[in-house]
Structures are given as C-alpha cells and as structure tokens.
Trainee: 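The following block contains the structure, expressed as structure tokens.
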Amino acid sequence: MANQLNTMISKKLWEEFEEAKWVLVELKRVKNDYGLLARFKTGHEFVEWFKSFISPILRVNYNTGAYWIKNTDIRGIVLWTKQGAWNEWAANSVLSRA
C-alpha cells in the first residue's frame, strides 16, 4: 500500500515538473541575454520578476517537500531541519559577500 502511494505521488510530482519545465527551458534560452536584464531599473524589480517567473518550479519544489514531510519519520525531520538551517546560513553567507 505504501509503495503504491509513493508511486502515485512520484507520478503526480513528475507530471507537475513536466508542466513547469518550460520555465527551465526559457531560463536556459535567455541565460546570456543582457537585454533582458536591462529591462529592469533596480535589482528589486528583477528579483520580484524572477520570483514570479519561477513560481511554477517553486510550486513543484514545495509540493515535493510537502508530500515528503507527510511520509517521513523523526530522523527525516531532524535531517530536513539541519539541511534547512545550513541552506539559510549558506544563502546569508553569499548575500553578505555581495
């Protein structure tokens, strides 16, 4: 039963990813397009656009995490919390050097 549920969840997540994959294709297409960046007057304007643009990918990531957290054990939650803390530290470290 659990294996069947995991298979169903995997299929659903894969379908969600396939629907959102266009975002990654488009980002790859414009990766060297400095004209795109020139459209934005401020860094904040770019970040707001970027968050909106990649929201389909963020939704897939969120759903993946949500399905996982509902089916994990205590050890998994502890590891997830440690990883989250490390991710926050790493992001802050990069931002502090910018």
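Note that the structure is a prediction, hence the values are computed from the model and not measured.
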Trainee: Salt bridge check: are Lys11 and Glu15 linked by an N-O gap of less than 4.0 Å?
Mentor: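 No, this pair does not count.
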Trainee: How far does OG1 of Thr64 sit from CZ of Arg59, to the nearest 0.5 angstrom?
Mentor: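 If we round to the nearest 0.5 Å, Thr64:OG1 and Arg59:CZ are 10.5 Å apart.
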Trainee: I need the minimum non-hydrogen distance between Ile9 and Asn71, along with the two atoms involved.
Mentor: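 Smallest interatomic distance, heavy atoms only, reads CD1-ND2, 3.9 Å.
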Trainee: Is the number of heavy atoms from other residues, nucleotides or ligands within 6.0 Å of CD1 (Ile74) greater than 12?
Mentor: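 For Ile74, atom CD1 is not crowded (no more than 12 foreign heavy atoms under 6.0 Å).
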Trainee: I need the minimum non-hydrogen distance between Arg39 and Glu45, along with the two atoms involved.
Mentor: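 Closest pair (atom of Arg39, atom of Glu45, distance): O-OE2, 3.9 Å.
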Trainee: Please work out whether the ring planes of Phe17 and Trp14 are parallel, tilted or perpendicular, with thresholds of 30° and 60°.
Mentor: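 The rings of Phe17 and Trp14 sit tilted, inter-plane angle from 30° to 60°.
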Trainee: What heavy-atom pair brings Glu16 and Asn63 nearest, and what distance separates the two atoms?
Mentor: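 For Glu16 versus Asn63, the nearest heavy atoms are OE1-ND2, 2.8 Å.
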Trainee: Tell me whether Ser93 contacts the main-chain N or O of Trp89 through its side chain, where contact means a donor paired with an acceptor under 3.5 Å.
Mentor: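 Answer holds: no.
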Trainee: To the nearest 0.5 Å, how far apart are NZ in Lys12 and OG1 in Thr7?
Mentor: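 Lys12 NZ to Thr7 OG1: 15.5 Å, rounded to 0.5 Å.
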Trainee: Assess whether a salt bridge exists between Arg29 and Glu26, defined as any Lys/Arg side-chain N lying under 4.0 Å from an Asp/Glu carboxylate O.
Mentor: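 A salt bridge is present here (some side-chain N lies under 4.0 Å from a carboxylate O).
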Trainee: For a quick test of reading the model, state the closest non-hydrogen atom pair linking Pro56 to Ser52 and the distance between them.
Mentor: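 Looks like CD-O, 4.3 Å.
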Trainee: Would a single hydrophobic cluster contain both Leu13 and Trp22, if residues Ile, Leu, Val, Met, Phe, Trp and Tyr are joined by side-chain heavy-atom contacts under 4.5 Å?
Mentor: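 Each belongs to a different hydrophobic cluster.
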Trainee: Under 6.0 Å from the CH2 atom of Trp80, do we count more than 12 heavy atoms belonging to anything else shown?
Mentor: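 No, because the 6.0 Å sphere around CH2 of Trp80 holds 12 heavy atoms or fewer from other groups.
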Trainee: Run through Phe50, Tyr34, Trp49, Phe53 and flag the one making a ring pair (Phe, Tyr, Trp, His ring centres under 6.0 Å) with Phe40.
Mentor: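 So, applying the ring pair (Phe, Tyr, Trp, His ring centres under 6.0 Å) to Phe40 and each of Phe50, Tyr34, Trp49, Phe53, only Trp49 qualifies.
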Trainee: Going by heavy atoms in the side chains, are Asn87 and Gln83 under 4.5 Å from each other?
Mentor: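 Yes; the side chains approach each other to less than 4.5 Å.
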Trainee: State, to 0.1 Å, how close Ala20 and Ile57 come at their nearest heavy-atom pair, and which atoms those are.
Mentor: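 Scanning both residues, the minimum pair turns out to be O-CD1, 3.5 Å.
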Trainee: Below 4.5 Å, heavy atoms only, C-beta onward: do Leu27 and Ile54 meet side chain to side chain?
Mentor: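 Sidechains of Ile54 and Leu27: in contact.
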Trainee: Look at the side-chain heavy atoms of Ile, Leu, Val, Met, Phe, Trp and Tyr, link any pair under 4.5 Å apart, and say whether Trp86 and Leu79 land in one connected group.
Mentor: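 No, because Trp86 and Leu79 fall into different hydrophobic clusters, even though each may have its own neighbours under 4.5 Å.
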Trainee: Are Ile77 and Tyr62 connected, step by step, through hydrophobic side chains (Ile, Leu, Val, Met, Phe, Trp, Tyr) whose heavy atoms are closer than 4.5 Å?
Mentor: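 Looking at the clustering, Tyr62 is in a separate group from Ile77.
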Trainee: To the nearest 0.5 Å, tell me how far Tyr67 OH sits from Ser10 OG.
Mentor: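 Reported value, rounded in 0.5 Å steps: 11.0 Å.
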